[in-house]
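Because only heavy atoms are used, hydrogens play no part in the values below, and waters and symmetry mates are left out as well, while side chains stay in. Order of the sequence lines fixes the chain letters, A, B, ..., with proteins taken first and strands second; residue numbering starts at 1 for each chain.
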2 protein chains.
Amino acid sequence: MTRTEAESADTPTRVAVSTVIFGLRHLPGSDATCVVLPLVRRTRDPHEGQWALPGGWLGERENLEVAASRTLAETTALAPSYLEQLYAFGDVDRSPTRVVSIVYWALVREDEMSSSQEGAQENVAWFTATELPELAFDHRLIVDYALWRLRNKVGYSRIAHGLLADEFTLAELREVYEAILGRRLDPANFRRQVENSGTLIPTDRFRTGSHRPARLYRYNQDVELAERGPLEVR
Amino acid sequence: MTRTEAESADTPTRVAVSTVIFGLRHLPGSDATCVVLPLVRRTRDPHEGQWALPGGWLGERENLEVAASRTLAETTALAPSYLEQLYAFGDVDRSPTRVVSIVYWALVREDEMSSSQEGAQENVAWFTATELPELAFDHRLIVDYALWRLRNKVGYSRIAHGLLADEFTLAELREVYEAILGRRLDPANFRRQVENSGTLIPTDRFRTGSHRPARLYRYNQDVELAERGPLEVR
DNA sequence: CCAAAAGTGTTTGCGGTACACCCATGA
DNA sequence: TCATGGGTGTACCGCAAACACTTTTGG
């Protein structure tokens with residue numbers, strides 16, 4: 001096929017946008033925290049009844065990121081604290097009819113999550129990332145890849161803040177890292193690493209618990225180590 | 001908008017696939033090597049006459065990666081030694097009519113390049129990455145992002161091998177790194193780093209030049225540090 | 001023998017890990 | 001006062017940078 005022929009073979013394709021939305025949940029019994037994500041039960045023919053990622057068709061005059069935000073609002077009623085494109089999936093056989101899916105992944109803050117989960121819509125449920133049901137289409141592959149990206153990115157950027165409220169203790173921040181990475185971190189070393197990174201601003205307030213109060217920190221907006229895509233390239 | 005309405009709003013979109021193809025070129029005069037990429041002169045209305053990334057419309061029954069390979073073959077007549085999805089660009093205003101572009105980036109080997117550049121097609125030319133002309137659409141942003149990804153990835157994966165022949169000296173490999181990173185590297189430290197990485201297999205052959213012969217190495221296929229996307233996630 | 005590139009050895013400093021230790025608070 | 005988590009000090013290890021040095025070839 002020559003370039004000219006390719007240029008004229010202008011066949012429209014159905015384009016969908018889906019989003020892998022990550023949040024945190026404290027397990028009531030133990031002191032552990034785990035990564036959770038919302039899934040939508042399908043009410044239509046391909047894979048009807050199975051759980052799938054929240055998503056929808058790309059609007060005619062809708063930017064990709066806007067479509068992802070819409071998805072997020074429809075299932076969590078929240079504004080994302082972090083939103084980044086994950087990958088474009090377009091294999092011919094990934095759906096009975098050809099669909100190209102632009103997939104985003106997002107973080108929602110823990111303090112806001114509880115409110116939205118109470119007023120949950122029908123057919124939406126939150127699952128622990130390590131205990132997922134069978135998913136529709138290739139969505140299991142997509143979630144696994146998003147989890148890989150989350151775990152990777154937490155190591156070289158500061159996205160963990162996207163899962164916390166404005167003010168937080170170092171222990172709470174460490175909890176986020178431990179939940180994402182799935183392993184315990186040394187509190188002493190964690191403190192120094194994150195202090196030296198210059199991304200935290202200590203406040204004068206303290207979280208008073210059952211023991212010695214812990215200083216509250218805020219995220220330093222000036223520092224933006226996260227790389228979300230070509231749009232941020234200066 | 002509810003999910004149900006979104007699900008029924010099934011409006012097809014025009015989907016294109018473009019590829020940023022990177023190669024290397026030795027500058028005849030100096031001993032420097034630089035990154036080069038092929039561009040195609042547009043012969044059609046939007047941005048006619050300007051240079052643009054090689055690409056075309058996604059075929060109805062064509063996987064995304066296959067479409068990218070086709071693009072690559074049409075402009076270089078080569079099989080890519082490395083091919084990875086870069087990003088999906090879909091802003092409404094990036095083209096007069098709405099187009100979602102799935103962009104890939106690729107590496108072609110230096111030893112194969114010369115042959116294809118001689119039999120170059122009309123309207124295709126290779127440019128030094130640091131001296132690009134004005135590009136059509138948002139292709140300048142795309143190329144800059146691909147360059148950022150290339151420079152980033154060379155630091156934590158072994159994609160530099162994708163720009164060399166099967167057998168190469170450490171100096172040749174170092175040249176690739178220096179061309180991509182744009183700075184000189186210490187030969188001694190470079191040797192140790194790459195030797196300790198376990199990605200190289202020494203051969204018994206030597207490259208005999210004007211001075212002491214240098215050992216030739218091969219790339220260890222077993223080690224695959226590169227991460228090309230969700231398809232490689234086990 | 002000389003120039004130049006291949007290849008080796010050694011020192012230094014930095015960042016991460018392990019772990020001992022002190023501090024402040026509620027009960 | 002004790003238990004518990006907050007917070008500090010310190011020794012160690014591995015890696016990478018800097019750079020002096022030896023080796024091997026062509027001319």
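Computed from coordinates, the R174(B) CZ to dA16(D) P distance equals 17 Å when rounded to whole Å. As a whole-Å value, the separation of F206(A) CZ from dG7(D) C1' is 11 Å. The interatomic distance linking L173(A) (CG) with dG7(D) (P) rounds to 13 Å, in whole Å. As rounded to whole Å, 17 Å separates atom C1' of dC19(D) from atom CZ of R184(B). Remark: P of dG6(D) and CZ of R191(A) are 8 Å apart, rounded to the nearest angstrom.
Considering only the side chain of R192(A), dG9(D) comes nearest among dG9(D), dT8(C), dA16(D). When each of dG7(D), dA16(D), dG16(C) is scored by its nearest atom to the side-chain atoms of Q193(A), the top-ranked nucleotide is dG16(C). Of the candidates dT17(C), dG7(C), dC19(D), dC19(D) carries the atom nearest the N189(B) side chain, counting heavy atoms from C-beta on.
Between F190(A) and Y177(A), the two ring planes are perpendicular [angle over 60°; tilted spans 30° to 60°]. By the 30° and 60° cut-offs, the orientation of the rings of H161(A) relative to F168(A) is tilted. In this pair, H139(B) and F137(B) present their aromatic rings tilted. The plane angle is within the 30 to 60° band.
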For each nucleotide in nucleotides 22-27 of chain D, reading 5' to 3', give B when a protein heavy atom comes within less than 4.0 Å of its base, S when such contact involves only the sugar-phosphate, and - otherwise. -BBBS-
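Within the 4.0 angstrom heavy-atom criterion, base atoms lie near A188(A).
Of the possible polar contacts, one joining the D186(B) side chain to the A188(B) backbone as a donor-acceptor pair under 3.5 Å is found.
Axis angle, first five pairs versus last five pairs of the helix from dC1(C)-dG27(D) to dA27(C)-dT1(D): 10°, rounded to 10°.
The residue among T169(B) and N196(A) whose nearest nucleotide of DNA chain C is located toward the 5' end is T169(B).
For the residue pair N189(B)/R192(B), the side-chain donor-acceptor check at 3.5 Å is satisfied.
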